[in-house]
Amino acid sequence: MRRWAETASDVAATTRTSEKVARLGAYLRALDDASLRVACVFLTGRPFPASDPRTVGTGWAAVQAAVERAAEVGPGAFGAAYDRSSDPGRATHELLVQRDARRVARGEGGGGGVEHGPRARAGGLEAGGIEPGGGVAGPGADNQPRGGVAGPGAGNQPRGADAGSEADNQPRGADAGPEADNQPGGPGPGPTLPEVQAAFAEMVAARRPAARIDRLVALLDRLDPLGAMYVVKVLSGDLRIGLRGGLLEAAIAAAFGRPLEDVQRAMMASGDVGEVAVLAREDRLAEARPALFRPLLPMLASPAGDAAEIADRLGPPLWAEDKYDGIRAQLHKLGSDVRIFSRDLHDITGQFPEVADAARAMPWDGILDGELLAMEEGRILPFARLQNRLGRTAPGPEVLAAVPAGYVVFDAIALSEGEPAPRDVRSLSVAGSVSREVRPLLGLPLAERRTRLESLALPDRIILGRLEHPVSAVELDAAFDAARSRGNEGLVVKDPASGYTPGRRGLAWLKLKKALATLDCVVVGVEVGHGKRHGVLSDYTFAVRDDRPGREGQLVTVGKAYSGLTDREIAEMTRWFEAHTLRRMGRYRLVEPTVVVEVAFDRVQPSARHASGFAMRFPRIARLRPDKQPSEADSLSAVAALAR
DNA sequence: GTTACACTTGGTC
DNA sequence: ATCGGACGAATTCGG
DNA sequence: CCGAATTCGTCCGATGACCAAGTGTAAC
């Protein structure tokens, strides 16, 4: 684990992708198979392969508790350290380094933990200089303002410099050399990669949060600060070393001298980088082929600005499919065996039993790509309805009746019917055995795949996606309007000659969505960003004017947004908000409600989250409106009208 | 002991 | 989901 | 025709709102 952590630090130390790939390739080459598997998986920022459904169940709160215990500090210390770096891994590193320094100062060799009293309830508000915000502000934690953010409060003076710690580099381990002496868990090199993963597996098995925290503390105790930092990074799913799937594939190819294409192809079929790396070393990449009941990553579409751009890029033969607002799903079938997989390769068959049942009756075998929707008597229901079904592992009869699901198919990845596939395309296997008739269609042009798809008789609940053939940007616009009028999101326009490339966001599929609506809102609160946005106020909570009788003039929040501004604009706004902070509340601050921004969003939906009673889907700052006064911001009734 | 609620986590767009 | 930023390869421009 | 400048493709990181399940705790 130590070498892995050092390599990760090396990779983080450069922004040049070629250098990242080279450093990583050299490291991977030297590993044995077991370590190689785990090393690659960890490099994707996850504890287990993508196709592995296990989750460790340690989010921000659990990590906080475990690190505070391992570092022998009181509650709140992790939050405070987090506020200094906005990175849970770095916060861990900092606290453990301090712990080791204390031990050295006390002249301890290695030794047992020091007992400190039972932790007070986290989240209790800690008074004091920099209020750490305790457990409330982790990434993903709901920390939104709820009440009316109306009037300006007492004007607390914004304090001095906070932006000071800018230059701190990623902690590096390389300089330290072997430091086996100071290891709390006893002497020795620390746990190996497989041992760390085994510890993660134990955390999964422990089930109860308290037990998971215990295991995590035990693991952290066996690691040096750098290793602990990366364990926390892996657990929080965020490596932040500028390397993910794409570059990792390149590193694997470089490590073992295989063509990048071969590695990519193997990845498409596998969903397990570690396995692919081992195959790459042994020159067995060709063995990773699509197989029934082993999900492939879905092919993705690139966003497009307008019809003209699409017509320009794809040229005359345009295939425009309706873009349905549901969840992406891949359906595998062999005989009466049916499995449905989500976009991230998890088995969600149990969540959609009626769809699986419908598919079971079909006379074909193979793999289909499509979208799961809430559907009632052929009518497509809005996404919000479908959300009631999502994550429901075993929906009861009431739920099934209230939100019936259906499946819209738009592609065939493998099928048992149709003409024989080209000779070089081999049959799909199931658990190693070859099933005679099911062939992958990945390499065939979309037009061909669609023909085969259309030859299938489909049952109730499973319908074919709508396809049109506009020949110009004008017709494309008309098709778009028609799709919108059918209640769909827009279009996905495809090149009929293109093959199916799993997991890739190529330019063969372009999606066209409605131009976003916008509202002028007043910024009422700001927050410190995370990761590289640490040190700037990058996250804005904004509000509209309440125009309900008796509340005129109040501001009610409608959303939060972080993106849309350039780094330069964020820096400027940071300076301004620093000087116009009304009150600091941990990471959150109330600011003078004077800045007007134009916020773009996909749609407005009813919400219990914001004081306005509405929230935005995909909010984004479209632009600053320095020309506007807060009194010119849009009103609550305007929002309500948009929610319709 | 039972029930209700809050918090945490993970996963969808 | 979305967006901005960064890198590197491909393409165009300037001499 | 070659090197410099620009464009394009692709990747990475940071972040929104919603919902359900499972634990843990408080209230009865």
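Keep in mind that the numbers below use all heavy atoms, side chains included, and drop hydrogens, waters and symmetry copies. Please read all numbers here as calculations on a predicted model, not as lab measurements. Residue numbers start from 1 in every chain, and the chains themselves are labelled A, B, ... in the order their sequence lines are given, proteins ahead of strands.
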Residue [X], side-chain heavy atoms: nucleotide from [options] that is nearest:
X        : options                : result
A:Ile327 : C:dC7, C:dT2, B:dC13   : B:dC13
A:Arg620 : C:dC3, D:dT15, D:dC18  : C:dC3
A:His530 : B:dG11, D:dA17, D:dT15 : D:dT15
A:Phe618 : D:dA17, B:dT8, D:dG16  : D:dG16
A:Thr566 : C:dG5, D:dG24, D:dG16  : C:dG5
A:Asp567 : B:dG11, D:dG16, C:dG5  : C:dG5
A:Leu247 : B:dT9, D:dC12, B:dC13  : D:dC12

Quick check on [N]: is either OP1 or OP2 less than 4.0 Å from any side-chain nitrogen or oxygen of [X]?
X        : N      : answer
A:Lys511 : B:dC13 : no
A:Thr15  : C:dA6  : no
A:Lys532 : D:dG13 : no
A:Arg392 : D:dA20 : yes
A:Lys20  : D:dC11 : no
A:Arg609 : D:dC18 : yes
A:Arg207 : D:dT23 : yes
A:Ser18  : C:dG8  : yes
A:His534 : D:dA14 : no
A:Ser607 : D:dA17 : no
A:Arg244 : D:dC11 : no
A:Arg16  : C:dA6  : no
A:Arg240 : D:dC12 : no
A:Ser342 : B:dT12 : yes

Q) Of A:Arg504 and A:Ala615, whose nearest nucleotide on DNA chain D comes first from the 5' end? A)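 Its nearest nucleotide being more 5', the pick is A:Arg504.
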Q.
Please compare A:Pro209 and A:Gln264 by the position of their nearest nucleotide in DNA chain D and report the one closer to 5'.
A.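 So the residue in question is A:Gln264.
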Once you round it to whole Å, what is the distance between [atom2] of [N] and [atom1] of [X]?
X        : N      : atom1 : atom2 : answer
A:Ile621 : C:dG4  : CD1   : C1'   : 14 Å
A:Arg533 : D:dC12 : CZ    : C1'   : 13 Å
A:Asp344 : B:dG10 : CG    : P     : 13 Å
A:Leu243 : C:dC7  : CG    : P     : 15 Å
A:Tyr324 : B:dT12 : OH    : C1'   : 20 Å
A:Ile348 : B:dT12 : CD1   : P     : 7 Å
A:Leu300 : D:dT10 : CG    : P     : 12 Å
A:Phe601 : C:dC3  : CZ    : P     : 14 Å

Just call it for [X]: base, sugar-phosphate, or nothing, with non-hydrogen atoms closer than 4.0 Å on any strand.
X        : result
A:Ser302 : nothing
A:Arg313 : sugar-phosphate
A:Leu507 : sugar-phosphate
A:Arg328 : sugar-phosphate
A:Phe383 : sugar-phosphate
A:Asp602 : nothing
A:Leu386 : nothing
A:Ala62  : sugar-phosphate

Ionic contact status for [Y] with [X], cut-off 4.0 Å:
X        : Y        : value
A:Glu202 : A:Arg215 : yes
A:Arg46  : A:Asp52  : no
A:Glu354 : A:Arg389 : yes

**Q.** Reference residue A:Glu489; test salt bridge (charged side-chain N to carboxylate O under 4.0 Å, His left out); the match among A:Lys513, A:Lys514, A:Arg603
**A.**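 The option that passes is A:Lys513.
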Q: Check whether the side chain of A:Tyr540 and the base of D:dT15 form a donor-acceptor pair under 3.5 Å.
A: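 No, the side chain and the base share no sub-3.5 Å donor-acceptor pair.
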Assess the side chains of [X] and [Y]: does a donor N or O sit below 3.5 Å from an acceptor N or O?
X        : Y        : result
A:Tyr82  : A:His530 : yes
A:Asp238 : A:Ser236 : no
A:Arg23  : A:Thr14  : no

Q) Between A:Trp576, A:Phe577, A:Tyr588, which is the residue that forms a ring-ring contact (aromatic ring centres under 6.0 Å, His included) with A:Tyr540? A)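 Option passing the ring-ring contact (aromatic ring centres under 6.0 Å, His included) with A:Tyr540: A:Phe577.
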